Amino acid sequence: MNTEILIKIAQLFLAFTLIVGIHEFGHFISARLFGIRVEKFYIFFDPWFSLFKFRRGGTEYGLGWLPLGGYVKIAGMIDESMDKEQMKQPVQPDEFRAKPAWQRFIVMVAGVIMNVILAIAIFCGISYAWGESYFDNADARWGYDFSEAGHVLGFEDGDRFISIDGEPVGDINGVVNALLLTSEGRTVTVEREGREVTFDIPFEKLLDMRKAEGYKNLFSLRQPVIVDSTSDRAAASGLQAGDEITAADGTDVRGNFALFSGLLGERCDSTVRLTVLRDGAAVELTAAVDSDGKIGFTLANPYQSRMRRYTLLQAIPAGFRRTGAMISSYWQQLKLIFQPKSKMYEELGGFIAIGSIFPSEWNWPDFWFKTAFLSVILAVMNIIPIPGLDGGHALFTLWEMVTGRRPSDKFLEVMQYIGLAILLLLLVYANGNDIYRFFIK
């Protein structure tokens, strides 16, 4: 196993330990707050044996060997432990089932709340320590070049985004999600050759692009031909640092270094007439092209990412904002999974897919960002009202609070079995997708 894979595994293990630990701690601390006995507190599952364990204050703490989650065994509660014998005994005052519904509800949602709090804390820390880097669409003066998948959607090289479904495009990092997180088509407005152009992208095209992973490298910033420094030969032709070459032998090459480079390749050992923009005025030059199709200058990069910097007090609302945006984005993705038309269920991934999101080199800002992302995923997934998940337990308790009727233990046991079966099928399906994608496809 090479070093890069080990680094990915180490990041995944550390992130999972943190987010699962904080989730289970939420259940643990809220149960103890209401005087409920907690029999076990485990990070990861421990079928047959655990990696280590110890007992303190009536609770067994341990680390399991199966990294599929974690659990706390709360006395008097029907959970994944399926401890039927305990449920047959007389109700004890320190058991979960002895407490009022509102306390049991809080215990059930406390894990989700802790995961959200963790994400907020991480984003507050990231915002304060490293700020928030982004690229503003307004800075894309020369527009974008699009991949073949982008051309199929209707984009043309040189287009600059204006809006998607009427929402102005700011940070270009959000463009792909804005296009994909829908079960309908999109209406896009771009600036094209100095005019606004609006066109519709049918949902079927978006679906085909997503299935073919065409969203990867969908677009890139156009590279203008701006001179950074010149060789003696280029300087002799009159070319200067800061010049923007806008035409070559009458061909418009504004914002299109690829086209310019191709034209020079056709004029090796010859000359080329250049039109350059210098201090707002057009200047005509003639430059010699060598046998390699070059005229002797280095290219300048006119683009710079913007950076939002935060004081400690500013980082707190920034942390809430970024967490809220991530929850909203992931919730949109999750809703699409349950819409057969979107076919997003085909993209479900397991542990290999999750591990692959981490870089092959250790990078603390990226690690903490991915950990916050996974914490949000765990929170959102757990609040889904599926029996066996926190959301399922909370739903039954909420029903009791509203109607005053408590579901029977037998009903809860059956629902728990159904929920565990659903979760097992999802686990097999998601990891099966991983095997197909990474090893067969």
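Numbering starts at 1 and runs along the sequence shown. Worth saying up front: this structure is predicted, and the values here are computed from it rather than measured. The figures here come from the full heavy-atom set of this structure, side chains too, leaving out hydrogens, waters and symmetry mates.
- Remark: N256 CG to D157 CG distance equals 7.5 Å, nearest 0.5 Å.
- Taking both residues in full, the closest heavy atoms of W142 and R254 are given as CD1-C, 4.3 Å, listed atom of the first, atom of the second, then distance.
- Between the CD atom in Q103 and the CE atom in M108 there is a gap of 12.5 Å [rounded to 0.5 Å].
- In the model, Y42 has a side-chain atom that pairs as donor or acceptor with a side-chain atom of E60 under 3.5 Å.
- Remark: of the listed residues K73, R32, R55, K73 is the sole one forming a salt bridge (Lys or Arg N to Asp or Glu O under 4.0 Å) with E39.
- Aromatic rings of F219 and F161 (six-membered ring for Trp) have centroids within the 6.0 Å cut-off, being under it.
- Looking only at side-chain heavy atoms (C-beta outward), F367 and L14 come within less than 4.5 Å of each other.
- Under the 4.5 Å side-chain criterion, counting only non-hydrogen atoms from C-beta, Y144 is in contact with N137.
- If you look at F369 and F123, their ring centroids are closer than 6.0 Å.
- Closest non-hydrogen pair, T230 versus A241, comes out as CG2-N, 4.4 Å.
- In this structure, F411 and F396 have perpendicular ring planes: the angle between them is above 60°, well past the 30° mark.
- Taking the six-membered ring for Trp, W102 and F34 have ring centres closer than 6.0 Å.
- Salt-bridge check for R321 with E132: passed, with a basic side-chain N closer than 4.0 Å to an acidic carboxylate O.
- Between A15 and T371, the closest heavy-atom pair is CB-OG1, 3.6 Å.
- Remark: R308 is positioned above the aromatic ring of Y134, its terminal NZ or CZ atom under 6.0 angstrom from the ring centre and at most 45 degrees off the axis.
- Judged by distance alone, the side chains of S133 and R306 never bring a donor and an acceptor atom under 3.5 Å apart.
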- [ ] Check the pair F28 / Y71 against ring pair (Phe, Tyr, Trp, His ring centres under 6.0 Å), numbers first and verdict last.
- [x] CA-CA 9 Å; F28 173 82; Y71 71 98; over 10 Å; no

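- Every pair passing side-chain hydrogen bond (donor to acceptor under 3.5 Å, both in side chains) that includes a residue from residues 217-226 is listed here, sequence neighbours excluded: D145-R222.
- Salt bridge annotation for R192-E156: present, with a cationic side-chain nitrogen under 4.0 angstrom from a carboxylate oxygen.
- Residues Y61 and F54 bring their aromatic ring centres within 6.0 Å.
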